[in-house]
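Have a look at the structure below before the remarks.
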Amino acid sequence: MALKPVSAHLEDVLGMVAPLEALDVPLLEAHGCLLAGDITSERDLPVFDNSSMDGYAVRLDDVASASEAQPVTLPVVGDIAAGTPPAYRIQPGFTARIMTGAVVPPGADAVVPVEWTDGGVASVTITRAPVLGAHVRRRGEDVRSGDVVLTTGTTVGPTQLGVLAAIGRARVHIRPRPRVVVLSTGSELVEPGQSIGPGQISDSNSFMLTAAARDAGATAFRVGIVPDDPRRLMTAIEDQLIRADLVLTTGGVSVGAYDVVKEVLSRLGTVHFEKVAMQPGMPQGFGTVGPDDTPIITLPGNPVSAYVSFEVFVRPAIRTMIGVESVHRPTVRAECQQGFSSPAGRRQYMRGWLSVSEGRYVVRPVGGPGSHLLGALAGANALIVVGEDVQDVPLGSTVTVMVLDRRSL
Ligand code: AMP
Ligand code: MG
């Protein structure tokens, strides 16, 4: 049977997911999420004219001639602290002590920093003249009431939270993080930290994929290990549906006798199992389960296959559910520093190390093609994508590289 092209499978997977409904959440819960609407400020920032220094609120006319040689001395009529606006005007010939962030009183048109004075309390001697508006932060000079401060689709990071709080928003409309539950299937699996008996291995996939889902922007729950037992698998999936926008499983999707995921989910009729023209990651399944038609993606068990399949299909699906525009990893063209061969008729995702050398991208394969080579995977920062029709990637050729970790470049 002909293998299904990667592009067709990706299209099918993305076709079953859609951006999640927007949600109103308290500010800090919006961290890392996408805004579901434009944010318009209902106030000016700064909210009022205020002092940017500790000093004295003055009328320019009174101090225009002040210098070291000819200081000006003014009586101080009071103190203006942040949070307590003054109930008076500054009259000609007078000043008031003012603190950073305090309301600049009417009548004053500049602030003289305390450093330019003798710091007097009853009266103050000023040795330097400010210019008009000096050390006054003007109302609305940053944001004006009615301004759109953040637009739909913006990711809410620390600084965006800052401005939202500053304009007085307590809640914000965002695209929620998809909730992804991750199950590993396999009767050979035990928890890391537990000793392994004959034939047993530690479950690595569910940790890797839970973290990968979080990196993609999801709230991910690691369910852990489910043995190759049809009833227990079905129960485990059903138990999770309550908190899942997407279910991820690994293992049990090939043609082995105990490939339970395929056996159990095929019967539902809503999950499809296919062979995709890729290496690693040929056996793939996807569909929906449960009363709410929750999307499920069943990844192969070999750790490298599971991870690469996540990158190629699941990450774009999660990104689609988040509602971002660019769902795919960035790719670059790089010079391949070591030749390798690639299977005919399959798109190969070879693990690689991408770096910049003399201003150009260069990449070298890491480890071999084996889909069990988890140690090598952990030493890669990129996937070299080799076309279906290419069987030989010669040294020095230019290849397409999917960048997994920009920070390592
Ligand atoms: P399967 O697809 O279930 O036949 O698994 C393929 C290979 O991947 C087998 O060697 C499994 O032992 C291994 N494998 C499956 N699931 C995991 C897992 N969660 N962690 C590590 N290795 C796994
Ligand atoms: Mg298995």
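Nothing here was measured: the structure is a model prediction, and the numbers come from that model. The chain is numbered in sequence order, starting from 1. Both ligands and their constituent atoms are indexed starting at 1 by order of listing.
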Worksheet item: Which ligand 1 atoms, with their elements, are less than 4.0 angstrom from a heavy-atom of Gly251?
Response: 2 (O), 3 (O)
Practice prompt. Using a 4.0 Å heavy-atom cut-off, say whether Pro283 meets ligand 1 through its side chain, its backbone, both or neither.
Written response: neither
Practice prompt. Taking only heavy atoms of Asp203 into account, list the atoms of ligand 1 that are under 4.0 Å away from them.
Written response: 18 (C), 19 (N), 20 (N)
Worksheet item: Just checking, any donor-acceptor pair under 3.5 angstrom between side chains of Ser145 and Asp44?
Response: no
Item to complete: Report the member of Gly186, Gly301, Gly199, Ser187 with the shortest heavy-atom distance to atom 23 (C) of ligand 1.
Response: Gly301
Response to the item:
Taking every heavy atom of Ala110 against every heavy atom of Leu60, the minimum-distance pair comes out as CB-CD1, 4.3 Å
Worksheet entry | Proximal ligand 1 atoms for Asp259, defined as those under 4.0 Å from one of its heavy atoms | 4 (O)
Practice prompt. Quick one: look up the protein heavy atom nearest atom 6 (C) of ligand 1 and list residue, atom name and how far away it is.
Written response: Asn302 N, 3.6 Å
Worksheet item: ligand 1 and Ser184, any nitrogen or oxygen pair closer than 3.5 angstrom?
Response: yes
Item to complete: Enumerate the atoms of ligand 1 whose separation from the nearest heavy atom of Gly252 is less than 4.0 angstrom.
Response: 1 (P), 2 (O), 3 (O)
Discussion item. Whether the Thr152 and Asp38 side chains hold a donor-acceptor pair (N or O, under 3.5 Å, no angle test) is what I'd like checked.
Written reply: yes
Practice prompt. Would you mind checking which non-hydrogen protein atom is closest to atom 11 (C) of ligand 1, with the distance to 0.1 Å?
Written response: Glu188 OE2, 3.0 Å
Worksheet item: Which ligand 1 atoms are under 4.0 Å away from a heavy-atom of Ile201?
Response: 12 (O), 21 (C), 22 (N), 23 (C)
Practice prompt. Walk me through it: do Ile174 and Leu34 pass the test side-chain contact (heavy atoms from CB on, under 4.5 Å)?
Written response: CA-CA 5 Å; Ile174 48 96; Leu34 257 63; over 6 Å; no
Item to complete: Can you pull out the closest protein heavy atom to atom 18 (C) of ligand 1? Residue, atom name and distance to 0.1 Å, please.
Response: Asn205 ND2, 3.2 Å
Discussion item. Let's go through Met278 and Gln284 carefully: what are the C-alpha distance in whole Å and the side-chain angles of both, what is the deciding distance for side-chain contact (heavy atoms from CB on, under 4.5 Å) to 0.1 Å, and is it a yes or a no?
Written reply: CA-CA 10 Å; Met278 64 193 287; Gln284 299 286 342; 4.1 Å; yes
Item to complete: Using heavy-atom distances, let me know which of Pro303, Ala306, Pro192, Ser204 sits nearest atom 20 (N) of ligand 1.
Response: Ser204
Discussion item. Looking only at the side chains, is there a donor atom on one of Gln160 and Thr154 sitting less than 3.5 Å from an acceptor on the other?
Written reply: no
Discussion item. I'd like to know if the side chain of Arg333 pairs up with that of Thr398 as donor and acceptor (distance under 3.5 Å, no hydrogens or angles considered).
Written reply: no
Discussion item. Between Gln348 and Gln279, is there a side-chain donor-acceptor contact under 3.5 Å, judged purely by atom types and distance?
Written reply: yes
